[in-house]
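Here the structure is a predicted model, which means the values were calculated and not measured. Start at 1 and go down the list; that is how both ligands and their atoms are numbered. For the single chain, residues carry numbers from 1 onward in sequence order.
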Amino acid sequence: MKKVLIVGATGSIGRQALDIIRLHKDEFRVVGLSAHSDEAKLLAASSLCAREGLGAPALCLSGAEPMDKTLSYAGPDALMRFIGDSDADIVLNAAASAAGLTPTLAALNCGKDLALANKESIVMAGRLVLDLAKAKGARVLPVDSEHSALFNLIKRFGRDAVHGVIITASGGAFRDRPLESLKDATPAEALAHPTWSMGAKITIDSATMANKGLEVLEAARLFDLKANDIQVLIHPESRVHSFIRTREGSLYAQLSKPDMRLPILNALSWPEVLEESVADLDPGLEGLSFKPVDYARYPLLGLAYDALRAGEGAAIAYNAANEEAVAAFMAGRLPYTGIASVVQACLEYDLPALVEGLPAILDSDARARARARDAILEYA
Ligand code: NDP
Ligand code: MG
């Protein structure tokens, strides 16, 4: 029985994690749940655990004063104490945004395995995170569907056999929208994703392909790949999640329906492989199609490759500037096409190839956010 703590239990990934654990009650026990500010949903998730016999989790509300005064973990340092005090075997980090770096480091510092949905942790601090995991003897198990696919393929073939990878992208809500009308795109339109159902920020990032950009950076750090080793293809049906290209010239793919419960389960159960519970063995193979990315439609993907080539400071700036720009777009303070312009402006500074240690990472993040906010004001 594996003991699981879920950070970001009230979000899209967190809820799907509880759902898949419900289908594998004999394998897992939920020992901790956190949310940031949605106390009602946190308490509802806790009740679901009790009702379904999943466990009696400790609770943490990391970003708001709780109404329920019996909630023992609340406030600024609560998440670190919460993870530190827990006897969980594995922490699922499904927090949104750069704020996910804190629970990532907290889990690894205690030597706990980490099922990592929060790609921002790896984009901002990949080297620090992986070095820490190694030092503590803990595993980093990717949850992002493309990286879960790559992780499983690379484990099977061995890293030395792999010459390059292809990650797929649905193309998001604006795949077929006329280019000249993108400047008028609204948040509601960008939130209408054709195949995946996800949290708001990542859905906007799917429309711009900043999500794929973050995933290129994530794949590079997780699997030690160079920019030229990673290709992105548009695959509207979202059935193939990634390919590896082996040295002898073959491509191997992982296919499944677009359902995050599967990569969540794979990460939580690793190295065991559990009997499938949600995977439809016929993911729908008719009419699968692949095409190259039009970089004029998705400038944020090109910028991610630039950031990868430039180094760690640029990767941090890319993520930070994009988070600020997406928040401004959602608030009606920046047009859709301004998101890429703001990120580009923030990458034009002299940024260090290596950023050593957490304080320098957080400082680079803060600096890029300040620059992004200035660029957003100028844009208006
Ligand atoms: P959601 O916005 O749906 O949920 C985010 C969760 O994080 C909520 O539980 C929220 O709590 C919590 N949270 C918000 N801010 C903070 C903070 N500052 N500190 C700690 N916790 C916080 O996001 P998703 O579930 O869509 O995404 C989560 C992560 O997983 C992201 O990094 C995303 O890129 C990644 N991911 C998501 C996929 C998906 O299908 N959704 C696919 C692949 C990766 P509250 O409810 O209280 O606000
Ligand atoms: Mg993904």
Side-chain angles (χ1 to χ4, degrees), residues 5-20 32-45 59-66 71 73-80 82-83 91-104 106-107 114-124 142-151 167-170 172 191 193 195-206 209-219 222 232 235 238 240-242 254 256-264 267 319 322-323 326-327 330:
L5 181 151
I6 305 176
V7 176
T10 50
S12 161
I13 292 285
R15 289 195 309 272
Q16 294 181 81
L18 286 176
D19 195 49
I20 195 69
L33 296 174
S34 91
H36 196 56
S37 54
D38 198 332
E39 184 178 356
K41 271 200 197 148
L42 178 65
L43 295 175
L59 302 179
C60 170
L61 194 67
S62 54
E65 188 61 35
L71 231 157
Y73 295 96
D77 302 328
L79 206 42
M80 281 171 72
F82 180 58
I83 293 170
V91 172
L92 169 62
N93 184 356
S97 83
L101 182 55
T102 304
T104 285
L114 180 68
L116 189 57
N118 180 265
K119 60 191 84 183
E120 295 86 348
S121 300
I122 294 291
V123 171
M124 295 171 70
V143 169
D144 215 346
S145 56
E146 298 77 2
H147 306 74
S148 168
L150 290 176
F151 179 83
I167 60 181
T168 62
S170 68
L191 285 170
H193 195 281
T195 45
W196 290 97
S197 163
M198 309 178 286
K201 156 75 169 41
I202 184 173
T203 307
I204 303 288
D205 284 350
S206 295
M209 271 220 203
N211 181 50
K212 214 46 57 178
L214 293 170
E215 290 183 358
V216 166
L217 290 156
E218 183 187 10
L222 280 176
V232 176
H235 172 44
S238 302
V240 176
H241 302 299
S242 286
Q254 184 270 338
S256 55
K257 277 195 168 165
D259 182 337
M260 285 307 296
R261 290 177 302 171
L262 204 62
I264 294 168
N319 178 62
N322 181 58
E323 281 188 10
V326 170
M330 301 266 265

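- Shown in contact with N118 at under 4.0 Å from a heavy atom are these atoms of ligand 1, numbered in order with element: 32 (O).
- For G100, the closest heavy-atom approach to ligand 1 does not fall below 4.0 Å.
- With sequence neighbours left out, H235 forms a ring-ring contact (aromatic ring centres under 6.0 Å, His included) with F290.
- In this structure a side-chain-to-backbone donor-acceptor pair under 3.5 Å is missing from K257 to L262.
- From the protein, the heavy atom lying nearest to atom 4 (O) of ligand 1 is G11 CA, 3.1 Å.
- Applying the ring-ring contact (aromatic ring centres under 6.0 Å, His included) criterion to H147, with sequence neighbours excluded, gives no partner residue.
- When only non-hydrogen protein atoms are considered, atom 11 (O) of ligand 1 lies nearest to H36 N, 3.1 Å.
- Closest to atom 7 (O) of ligand 1 by heavy atom, among G199, A200, A99, A96, is A96.
- If you look at A9 next to ligand 1, the close heavy atoms, those under 4.0 Å, all belong to the backbone.
- Rounding to the nearest 0.5 Å gives a distance of 12.5 Å between NZ of K119 and CG of N93.
- Of all atoms in ligand 1, listed by their number and element, those nearer than 4.0 Å to a heavy atom of M260 are 40 (O), 42 (C), 43 (C).
- In terms of polar-atom proximity, defined here as any N/O pair under 3.5 Å, D38 does make such a contact with ligand 1.
- Heavy-atom proximity to S62, at under 4.0 Å, picks out these atoms of ligand 1: 20 (C).
- Contact of the L116 side chain with the S121 side chain is registered, since non-hydrogen atoms from C-beta on lie closer than 4.5 Å.
- Annotation: atom 34 (O) of ligand 1 to nearest protein heavy atom, K119 CE, 3.3 Å.
- The protein atom (non-hydrogen) at minimum distance from atom 32 (O) of ligand 1 is E120 OE1, 2.8 Å.
- The pair R261-D259 meets the salt-bridge criterion, since a charged nitrogen lies less than 4.0 angstrom from a carboxylate oxygen.
- Of the listed options S148, G8, S97, A117, A117 places a heavy atom closest to atom 35 (C) of ligand 1.
- With salt bridges taken as basic N to acidic carboxylate O contacts below 4.0 Å, none links D19 and R15.
- Of the protein's non-hydrogen atoms, S12 N, 2.9 Å is the one closest to atom 3 (O) of ligand 1.
- A heavy-atom distance below 4.5 Å is found between the side chains of L43 and L59.
- Considering only non-hydrogen atoms, atom 25 (O) of ligand 1 lies nearest to I13 out of T10, L116, I13, I202.
- The atom name of the N/O/S atom in E146 closest to the Mg ion (ligand 2) is OE1.
- For G63, the closest heavy-atom approach to ligand 1 does not fall below 4.0 Å.
- Ligand 1 lies nowhere less than 4.0 angstrom from a heavy atom belonging to K41.
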Check step by step if side-chain hydrogen bond (donor to acceptor under 3.5 Å, both in side chains) holds for S256 and Q254. CA-CA 7 Å; S256 55; Q254 184 270 338; 3.2 Å; yes
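- Here the CD atom belonging to E146 is positioned 5.5 Å from the OG atom belonging to S242, to the nearest 0.5 angstrom.
- No side-chain heavy atom of T102 sits under 4.5 Å from any side-chain heavy atom of L79.
- Other residues, nucleotides and ligands place more than 12 heavy atoms under 6.0 Å from the CE atom of M198.
- Residue-level check: among N/O/S atoms of D144, OD1 sits closest to the Mg ion (ligand 2).
- Nearest protein heavy-atom contact of atom 40 (O) of ligand 1 is M198 CG, 3.1 Å.
- Remark: side-chain polar atoms of N118 are paired, donor with acceptor, to backbone N or O of S97 under 3.5 angstrom.
- Here atom 31 (C) of ligand 1 lies nearest to A95 when heavy atoms of A95, S37, A94 are compared.
- Here the N, O or S atom of E215 that is nearest to the Mg ion (ligand 2) is OE2.
- The protein heavy-atom contact nearest to atom 43 (C) of ligand 1 is D144 OD1, 3.1 Å.
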